[in-house]
There are 2 protein chains.
Amino acid sequence: MDTTQRTDQQRSADRRRRELLEAADRVVLRDGPGASMNAIAAEAGITKPILYRHFGDKGGLYAALAKRHTDALLDSLRAALDAPADRRERVESTLDTYLAAIEARPQVYRFLMHPAEGGTQNDQGFDTGRHSIPLLRRMGEELAQVIEERLDLGPGTHELARVWGHGIVGMMHAAGDWWLGERPCSRAELVRSLADLLWGRLAAAGDRMGGPGF
Amino acid sequence: MDTTQRTDQQRSADRRRRELLEAADRVVLRDGPGASMNAIAAEAGITKPILYRHFGDKGGLYAALAKRHTDALLDSLRAALDAPADRRERVESTLDTYLAAIEARPQVYRFLMHPAEGGTQNDQGFDTGRHSIPLLRRMGEELAQVIEERLDLGPGTHELARVWGHGIVGMMHAAGDWWLGERPCSRAELVRSLADLLWGRLAAAGDRMGGPGF
DNA sequence: AGACTTCGGTTACCGCAAGTAACAAGTTAG
DNA sequence: CTAACTTGTTACTTGCGGTAACCGAAGTCT
């Protein structure tokens with residue numbers, strides 16, 4: 001049981017793990033987030049206990065699965081966020097990247113936004129707010145960091161950037177979700193509308209005559 | 001079986017239904033959204049099949065439960081949205097009302113944002129985006145309507161208002177969720193930061209020196 | 001009065017999915 | 001040859017959503 005051996009075994013275990021994840025991916029994309037462990041095991045050509053040996057429990061598997069997609073999406077978002085262009089263009093391009101991703105693979109998206117699913121009885125001692133979707137949290141933090149790095153907002157920049165990061169991500173997510181369901185306009189129009197919102201067009205708009213101004 | 005009889009029965013059934021809902025409420029608030037039908041029935045002093053007679057299935061019960069809270073929250077939001085004050089004040093008051101609500105009763109909030117929970121295998125032919133939380137959708141539509149009624153946004157007002165409605169609600173939700181978990185600042189500060197974001201401070205902020213402007 | 005429906009309710013069950021225990025190779029080390 | 005470890009299995013337990021079938025106490029019809 002020397003070092004090289006150990007490494008070999010771990011290598012093999014990692015390869016196996018990746019195979020299992022790919023099988024799980026296929027099943028989840030086919031059957032939705034309610035896919036059973038049995039089904040996943042069958043797709044991978046093995047049986048349940050092996051899955052449990054590798055991932056602990058269903059949550060572990062789903063977390064691992066989510067991490068893959070989350071990382072991938074975050075990478076492309078980072079690219080859009082880092083492109084050499086002015087601020088507005090970059091914001092629009094980031095929004096568009098996100099929307100294009102959820103448009104292209106709605107099942108993945110659906111899975112990422114739905115991961116909790118308390119099978120039996122899960123965490124009772126809940127932290128009053130920890131249930132948020134990991135992907136959203138990560139995107140929020142990431143954006144917050146970018147904002148803080150690049151914008152000069154005076155004192156309190158740190159907190160402000162974080163609020164904005166999570167807020168903007170939430171805006172993008174909710175609008176995207178609604179848009180994906182109803183498809184009321186093109187992606188480009190949606191991007192433009194959201195960027196307009198962030199650019200303060202809500203505050204600048206004139207009141208409609210008749211009632212008190214909004 | 002004349003009309004009065006029928007009415008009496010229905011009245012009684014409605015009262016019962018309300019009692020059951022209140023029991024369910026207590027259990028869900030105590031045990032979280034994973035509360036079992038057995039537990040709810042026990043809390044109500046009866047057994048499962050009665051719940052099923054009243055609500056069809058778990059989804060029905062949860063939908064009824066969610067509707068109560070959703071309606072209540074929407075009422076208070078409407079009040080804030082309709083108050084006689086200028087636009088910025090009204091936006092801030094609406095944000096604050098929402099945040100105060102989720103702060104006061106995080107369990108209710110948690111439940112409202114989590115209602116899906118496909119028990120067995122549910123809707124497989126999924127509409128690619130219909131899984132969003134009903135409360136968020138309703139809030140988004142409501143806000144969209146208010147925006148459209150009161151703001152003059154030129155051509156395309158209707159679509160623009162809806163995008164903004166859902167986007168703003170999503171911003172509020174995500175930021176609130178994050179805030180509730182980490183409590184990085186006071187509610188008032190959060191409200192101010194979000195309103196600033198909506199007022200275009202992101203676009204107006206100066207670049208930090210060193211990198212390309214965000 | 002006595003038979004007949006009709007509530008409000010219960011027990012006992014089905015099916016299914018998560019998770020686990022216990023066991024059966026095959027492989028490598030000493 | 002045996003001991004330990006990896007990889008896999010079968011078969012089980014537990015718990016939940018959901019349902020079928022039964023039960024008793026009312027009111028109703030004749």
Side-chain angles (χ1 to χ4, degrees), chain A residues 1-20 23-24 27-28 31-65 114-124, chain B residues 1-20 23-24 27-28 31-65 114-124:
Chain A
M1 205 209 265
D2 66 319
T3 319
T4 45
Q5 275 270 2
R6 185 98 166 275
T7 307
D8 271 8
Q9 282 174 195
Q10 203 143 32
R11 227 172 247 279
S12 147
D14 279 9
R15 214 182 52 238
R16 200 81 178 102
R17 187 188 166 93
R18 228 166 304 151
E19 288 171 16
L20 297 185
V27 175
V28 165
D31 297 354
S36 83
M37 293 297 265
N38 258 325
I40 293 172
E43 170 73 27
I46 45 126
T47 49
K48 262 195 303 177
I50 302 185
L51 282 182
Y52 283 94
R53 282 224 261 269
H54 275 270
F55 300 104
D57 64 353
K58 193 174 187 169
L61 203 181
Y62 275 36
L65 210 50
H114 210 329
E117 300 269 342
T120 50
Q121 98 274 17
N122 51 354
D123 50 349
Q124 296 254 126
Chain B
M1 208 208 264
D2 66 319
T3 319
T4 44
Q5 274 268 2
R6 186 96 165 275
T7 307
D8 272 7
Q9 282 174 196
Q10 203 143 32
R11 224 173 249 280
S12 147
D14 279 7
R15 215 182 53 237
R16 201 83 177 99
R17 187 189 166 92
R18 227 166 305 152
E19 288 170 18
L20 296 185
V27 175
V28 165
D31 297 354
S36 82
M37 293 298 265
N38 258 324
I40 293 172
E43 170 72 28
I46 45 124
T47 50
K48 264 196 302 178
I50 302 186
L51 282 182
Y52 283 94
R53 282 225 258 269
H54 275 271
F55 300 103
D57 63 355
K58 191 174 189 172
L61 203 183
Y62 275 35
L65 209 51
H114 211 329
E117 300 269 343
T120 49
Q121 99 275 18
N122 50 354
D123 51 348
Q124 231 142 269

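Every chain is numbered from 1 and lettered A, B, ... according to where its sequence line falls, protein lines coming before strand lines. Everything quoted here is computed from the prediction, not taken from an experiment.
Here the shortest heavy-atom pairing between A:A35 and A:V27 reads CB-CG1, 3.7 Å. Looking at every heavy atom in both residues, A:Y62 comes nearest to A:P33 through OH-O, 3.0 Å. Smallest separation of non-hydrogen atoms from A:F55 and A:L61: CB-N, 3.6 Å.
Listed pair A:T47 / D:dT9 meets the phosphate criterion, a side-chain N or O lying under 4.0 Å from OP1 or OP2. Distances shown here put a side-chain N or O of B:R16 below 4.0 Å from the OP1 or OP2 atom of C:dG9.
For the pair B:K58 NZ and D:dC16 P, the interatomic distance rounds to 9 Å; values are reported in whole Å. Put simply, OH on B:Y62 is 11 Å from C1' on D:dC16, counting in whole angstrom units. A straight line from OH of A:Y52 to C1' of C:dA22 spans 17 Å, rounded to a whole angstrom. The distance between atom CG of B:N38 and atom C1' of C:dT11, rounded to the nearest whole Å, is 12 Å. Between the CZ atom of A:R53 and the C1' atom of C:dA22 there is a distance of 11 Å, given to the nearest Å. Counting to the nearest Å, the P atom of C:dT11 and the CD1 atom of B:I46 are 12 Å from each other. Rounded to an integer number of Å, the gap from CD1 of B:I40 to P of D:dC16 is 11 Å. Regarding B:H54, its NE2 atom lies at a distance of 17 Å from the C1' atom of D:dG18, rounded to whole Å.
To the nearest 0.5 Å, atoms CD1 (A:I50) and CD1 (A:I40) are separated by 14.0 Å. Put simply, CD1 on B:I46 and CD on B:E19 are 10.0 Å apart, with the number rounded to the nearest 0.5 Å. From B:D57, atom CG reaches atom CE of B:M37 across 7.5 Å, with rounding to the nearest 0.5 Å.
Each end of the helix from C:dA1-D:dT30 to C:dG30-D:dC1 gets its own rotation axis from five pairs of C1' atoms, and the angle between them is 30° to the nearest 10 degrees.
Comparing D:dG17, C:dA17, C:dG19 by their closest approach to the side chain of B:S36 singles out D:dG17. For B:K48, the listed nucleotide lying nearest its side chain is D:dG18; candidates were D:dC16, D:dG18, C:dA18. When distances are taken from the side chain of B:I50 to each of D:dG17, C:dG9, D:dT9, the shortest belongs to C:dG9.
The list of side chain to side chain donor-acceptor pair (under 3.5 Å) pairs with a residue in residues 41-56 of chain B, not counting sequence neighbours, reads B:R26-B:E43, B:R30-B:E43.
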